[in-house]
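This report refers to the structure that appears directly beneath it.
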Protein chains: 2
Amino acid sequence: MAVTIKDIAREAGVSRGTVDRVLHNRSGVKPEVSQRVRSIASEMGFSPNRAGKVLAARKQPIRFGCLLPSIGNPFFDDLMMGFHLAEKELADFGVSVDILQVKSFDKDIHLKAIAKMKANNYQGLCITSIDVPEVKEAIDAIIASGVPVVTVNTDITATGRMCYVGPDYYHGGRTAAGLLSMITQQELSLLVVTGSFNIKGHNERIKGFTEGLEEHGIPFEVVCTLESLDDDNHAFVMTERCLEKNPMINTIFIAAGGVKGVCNAVTDKPRQKPIRIMSFDDVPATKALVKQGVISFTLCQEPRQQGYVSIQKLFSYLMSEGKTPLEDTITKTIIKIPENIED
Amino acid sequence: MAVTIKDIAREAGVSRGTVDRVLHNRSGVKPEVSQRVRSIASEMGFSPNRAGKVLAARKQPIRFGCLLPSIGNPFFDDLMMGFHLAEKELADFGVSVDILQVKSFDKDIHLKAIAKMKANNYQGLCITSIDVPEVKEAIDAIIASGVPVVTVNTDITATGRMCYVGPDYYHGGRTAAGLLSMITQQELSLLVVTGSFNIKGHNERIKGFTEGLEEHGIPFEVVCTLESLDDDNHAFVMTERCLEKNPMINTIFIAAGGVKGVCNAVTDKPRQKPIRIMSFDDVPATKALVKQGVISFTLCQEPRQQGYVSIQKLFSYLMSEGKTPLEDTITKTIIKIPENIED
DNA sequence: ATGAAAGCGCTAACAA
DNA sequence: TTGTTAGCGCTTTCAT
C-alpha cells in the first residue's frame with residue numbers, strides 16, 4: 001500500500017493539514033516542522049494519489065487551453081482528435097479542454113490569441129505558434145505566472161516551456177531521402193516545395209532531405225524551390241509554371257501543405273516520364289493521392305498522439321505538483337505507402 | 001457537472017445505498033424501485049466517476065494477469081514495457097499487473113499456465129496463446145466466471161474474449177509486397193522463412209505478401225519455404241543449406257523469428273549478387289541488421305502500444321462495469337528503414 | 001427491503 | 001502556527 005499524507009502526519013507527529021500545507025509550500029508552518037515533514041515525505045517516498053486529489057479538487061475543475069493555427073488546415077484535425085480523446089479520458093477527473101483556433105501564422109493574430117488564453121486563466125496551455133521574440137515573451141509571461149505550457153507540433157525554443165511534443169523535422173527529411181535511395185539511384189532533378197521560407201520545420205525537412213541524399217551518394221540538383229504558402233491554388237500555379245520552364249524535373253519533394261495543388265499541376269498534363277512525388281502528413285487529400293499512386297510515399301508524424309500526449313503531460317504535471325520528468329516527446333516518422341495509408 | 005449517484009438518489013427518492021445496489025445488480029431491492037432507479041439513471045446519463053470508484057475500492061486493489069510466450073523471445077520485451085507503463089499510470093488507482101511468462105507454444109504448457117492464472121483470481125486477463133480448442137475452452141471457462149479477457153498480439157477466435165489488441169498479419173505481408181514493388185521490378189526467386197507452419201499469423205503474413213506481389217504484377221517464384229522455429233541456430237543451418245542448393249535465390253522474406261540466423265547464413269559467404277532481405281518486428285538483433293543494410297526494411301507492429309492498450313482496456317471495462325465499447329484495436333504496420341529504425 | 005454512516009486520500013475552510 | 005472538520009463520489013457495513 002502506497003504512503004499517504006496520513007502516514008506522514010502520524011510519522012511526523014503533526015496533523016494532515018500541516019502536511020498538506022508543507023507539501024504545497026503554503027505559508028504558516030514553522031520552518032523546522034516544514035523541514036521535518038519534507039524529509040519524512042521524501043524518505044517514505046510519498047507521491048500524491050491522483051484519485052484523492054481529483055476528488056477533493058472537484059469544485060475547481062481543471063481547464064486546459066490549446067492554441068492551434070488550424071483554420072483552413074486539415075492537418076490539425078487529427079491533432080484535435082488527440083486533444084478530445086485525452087479530454088474524454090480525463091473527464092472523470094474534472095478536466096476540460098478548450099481549443100482556440102486561428103488562421104495562418106500572422107504574428108499579431110497569434111499574440112492576440114495568446115493574450116486571450118492568458119485572460120482565461122487556464123491551468124495549463126498547449127501551444128502551436130511561431131518562433132519569434134514577441135511570442136516567446138508572451139509565453140514566458142504566462143509561465144512566470146505559474147501556468148505550465150507545452151509546445152505542440154512546433155517548438156518555441158528558449159522559453160520556459162515545460163516540454164515539446166512533436167516531430168523531428170530534420171529526421172523526417174532524412175527518412176525521405178533514405179527511402180528514396182532504396183527506390184531509385186537515378187540522378188534527381190528536383191523541385192522542392194516548401195510552405196514558407198520562414199517556417200523552421202519546413203526548412204529542416206529540406207535540409208534533412210538534401211543531406212540525406214548526399215550521404216547516400218544520390219546525385220541531385222535542386223532545379224527550383226518554391227513556396228506554396230500552404231495554399232493549393234497558389235501551389236498549382238507555381239508548380240505548373242516551374243514544370244513548364246524546367247521539363248527535366250523528375251522528382252518533387254513537398255515539405256508542407258499545398259500537396260493537392262502541386263499534384264494537380266503534375267497530373268494535369270501528360271508527361272514523357274513520370275514525376276516522382278514525396279510529401280509529408282496524411283490529410284485526406286494526400287491519402288487519396290497516395291492511394292492513386294500519384295504520390296510515392298508520405299511521411300507522417302502521429303498528430304493524434306501529439307494532441308493526446310500533450311494534454312496527458314499537463315495533467316501529470318499538475319497531479320504531481322511539478323515533480324514530473326519534463327521530457328520532450330518526439331513522435332515517430334511514419335512511412336506511409338498505399339498499403340498502410342489507412343492505418 | 002456530471003451526474004452522481006447522489007443526484008439519482010435524490011431524484012428517485014431513495015438512499016445512495018439503494019442506488020448502488022441497483023446499479024450493481026445486487027439483491028435486496030424491490031423490483032419496482034429497481035426499475036425506477038434504473039430508468040432515472042439512464043435518463044440522467046449517469047456514468048460512474050472513476051476517481052470515486054477507485055478511492056472507495058482501495059481496500060481491494062485491482063489485479064490483472066498477463067500470459068506471454070515470451071521466454072527466449074525478445075519481441076515481447078517491448079510489449080511488456082507497455083504493460084508496465086500502463087501499470088505505472090494506473091498505480092494510483094490500485095492496479096497491479098502480473099506477467100506469467102512461458103516458453104514456446106506447447107499446448108500443455110499453455111493450458112497449465114491458464115489454469116494457474118485462473119487460480120489467481122485476477123480481475124482481468126491479457127492472453128497471448130495458441131488458437132486450439134482446448135485453450136479456447138479454458139478461456140471461455142474463465143470468461144464465464146465473469147473475468148474479462150483480452151487477447152493480445154495473437155487472437156484466439158470464436159471465444160467470448162472482450163476484444164483483440166494486435167496487428168493485422170495479412171496486412172503486414174501486403175505492405176511488405178507493396179514496399180518491395182516500389183524498390184524493384186525484377187523477377188523474384190524467393191526464400192520464405194516462417195516461424196512455424198502452425199502459427200496462423202505467420203501464414204497470413206506470407207499469404208498477404210504473395211497476394212500483394214501478384215497484385216503488383218511482380219513475377220516471383222517461391223523457391224523454398226522453411227521453418228525457423230524462431231531459433232537462430234536452426235534458421236542458420238536451414239538457410240545455409242537452402243541457399244547452397246538454390247543459388248538463384250535473390251530475395252528472402254522472413255515472416256517471424258530467427259532473423260539473425262537467416263542473415264548470418266546470407267552474410268557468411270560472399271555472394272555474386274546481393275540478396276534482398278525483408279523481416280518483421282524490430283528486436284535488437286534485427287535493428288542492428290537494418291542499420292547495417294543487411295535487411296532492407298522491417299515491418300513493425302507497435303508492441304508497446306499493444307501492451308499498454310490491453311491493460312487500459314481492461315481497466316476501462318471494470319470502471320464502466322462492462323458498459324464499454326469492446327472494439328478491437330488493430331495496431332499499425334510501421335515501416336522501418338535505417339533512418340527511422342530507432343524511433 | 002432500505003437507510004444511515006463510515007471511510008478511501010486529499011484539500012480547503014474554519015477554529016484555536 | 002497548527003489542528004479539526006467537512007466533503008468530493010463511491011462502496012460497504014451495520015442498523016433498521
Side-chain angles (χ1 to χ4, degrees), chain A residues 1-38 41 44-62 90-95 123 318-321 323, chain B residues 1-38 41 44-62 90-95 123 318-321 323:
Chain A
M1 182 71 92
V3 25
T4 72
I5 48 169
K6 214 168 152 187
D7 300 327
I8 299 174
R10 185 172 10 82
E11 201 68 19
V14 297
S15 75
R16 298 189 308 215
T18 300
V19 174
D20 189 66
R21 273 181 277 261
V22 171
L23 262 30
H24 292 86
N25 307 306
R26 257 178 274 138
S27 58
V29 183
K30 222 192 298 182
E32 54 198 73
V33 177
S34 168
Q35 199 41 253
R36 188 153 48 91
V37 168
R38 226 178 281 278
M44 298 178 82
F46 172 75
S47 159
N49 182 291
R50 290 182 178 205
K53 261 184 103 78
V54 149
L55 218 41
R58 204 136 196 291
K59 300 150 197 174
Q60 297 149 24
I62 300 168
L90 298 177
D92 275 355
F93 305 148
V95 171
Q123 273 95 327
L318 288 191
M319 283 301 108
S320 70
E321 277 129 28
K323 280 140 211 137
Chain B
M1 181 71 92
V3 25
T4 73
I5 49 169
K6 214 168 152 188
D7 300 327
I8 299 173
R10 184 172 9 83
E11 201 70 18
V14 297
S15 75
R16 298 188 304 209
T18 301
V19 174
D20 188 68
R21 274 181 276 261
V22 172
L23 263 30
H24 293 85
N25 308 307
R26 256 177 276 136
S27 58
V29 183
K30 222 190 300 179
E32 54 199 71
V33 176
S34 169
Q35 199 41 251
R36 189 153 48 91
V37 168
R38 224 178 282 278
M44 298 179 78
F46 172 75
S47 161
N49 181 290
R50 291 184 177 202
K53 263 184 101 81
V54 148
L55 218 41
R58 202 133 198 294
K59 301 149 194 173
Q60 297 149 26
I62 299 168
L90 298 176
D92 275 354
F93 306 147
V95 171
Q123 273 94 326
L318 287 191
M319 283 301 109
S320 70
E321 275 130 26
K323 281 143 212 135

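Computed from heavy atoms alone, side chains included, the values below leave out hydrogens, waters and symmetry copies. Throughout, protein chains are lettered first and strands after them, A, B, ... in sequence-line order, and every chain is numbered starting at 1.
- Ion pairing of Asp20(A) with Arg26(A) is present here, as a side-chain N (NZ or NE/NH1/NH2) and a carboxylate O approach within less than 4.0 Å.
- Among the atoms of the strands shown, only primed sugar atoms or phosphate atoms (P, OP1, OP2) are found under 4.0 Å from some heavy atom of Val33(B).
- Ser34(A) contributes atom OG, which lies 11.5 Å from atom CZ of Arg21(A) (distance to the nearest 0.5 angstrom).
- Using modelled atom types, one side-chain atom of Gln123(A) and one backbone atom of Pro61(A) make a donor-acceptor pair closer than 3.5 Å.
- Using a 4.0 Å heavy-atom criterion, one finds that Phe93(B) contacts no nucleic acid atom at all.
- Between the side chain of Asn49(B) and the backbone N or O of Asp92(A) there is at least one donor-acceptor pair closer than 3.5 Å.
- For the pair Met319(B) CE and dT11(D) P, the interatomic distance rounds to 9 Å; values are reported in whole Å.
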Phe93(B)/Arg50(A) under side chain to side chain contact (heavy atoms under 4.5 Å, CB included): CA gap, chis, key distance, verdict: CA-CA 8 Å; Phe93(B) 306 147; Arg50(A) 290 182 178 205; 4.0 Å; yes
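- For the pair Ala56(B) and Ser34(B), nearest-nucleotide mapping onto DNA chain C gives the more 5' position to Ser34(B).
- Spacing between atom CD1 of Ile5(A) and atom C1' of dC8(D) amounts to 14 Å, rounded to whole angstrom units.
- Here CG of Leu23(A) is found 6.0 Å from CD1 of Ile8(A). Values are rounded to the nearest 0.5 Å.
- Along DNA chain C, read 5' to 3', the first and last nucleotides having any atom under 4.0 Å from a heavy atom of chain B are dA1(C) to dG9(C).
- Distance Arg36(A) CZ to dT1(D) P: 15 Å, rounded to the nearest Å.
- Counting only heavy atoms from C-beta on, Asp20(B) has its side chain closest to dT11(D) among dT1(D), dT11(D), dG3(D).
- Contact annotation for Gln60(B): backbone-only contact, meaning every heavy-atom pair under 4.0 Å involves sugar-phosphate atoms and none involves a base.
- Within residues 8-16 of chain B, the residues having any heavy atom closer than 4.0 Å to DNA chain C are, in order of number, Gly13(B), Val14(B), Ser15(B), Arg16(B).
- Arg36(A) places a side-chain N or O within donor-acceptor distance of the main-chain N or O of Ala12(A), the cut-off being under 3.5 Å.
- At a threshold of 4.5 Å between non-hydrogen side-chain atoms, the residues Val54(B) and Met319(B) count as touching.
- Positionally, the nearest nucleotide of DNA chain C for Gly28(B) lies more toward the 5' end than for the other of Lys6(A) and Gly28(B).
- Rounded to an integer number of Å, the gap from Arg26(A) CZ to dT2(D) P is 14 Å.
- OP1 or OP2 of dT11(D) has at least one side-chain nitrogen or oxygen of Lys53(B) nearer than 4.0 Å.
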Arg38(A) vs Asn25(A), side chain to side chain contact (heavy atoms under 4.5 Å, CB included): CA-CA, chis, key distance, verdict: CA-CA 10 Å; Arg38(A) 226 178 281 278; Asn25(A) 307 306; 3.3 Å; yes
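- Counting any heavy atom pair closer than 4.0 Å across all strands shown, Arg50(B) reaches no nucleic acid atom.
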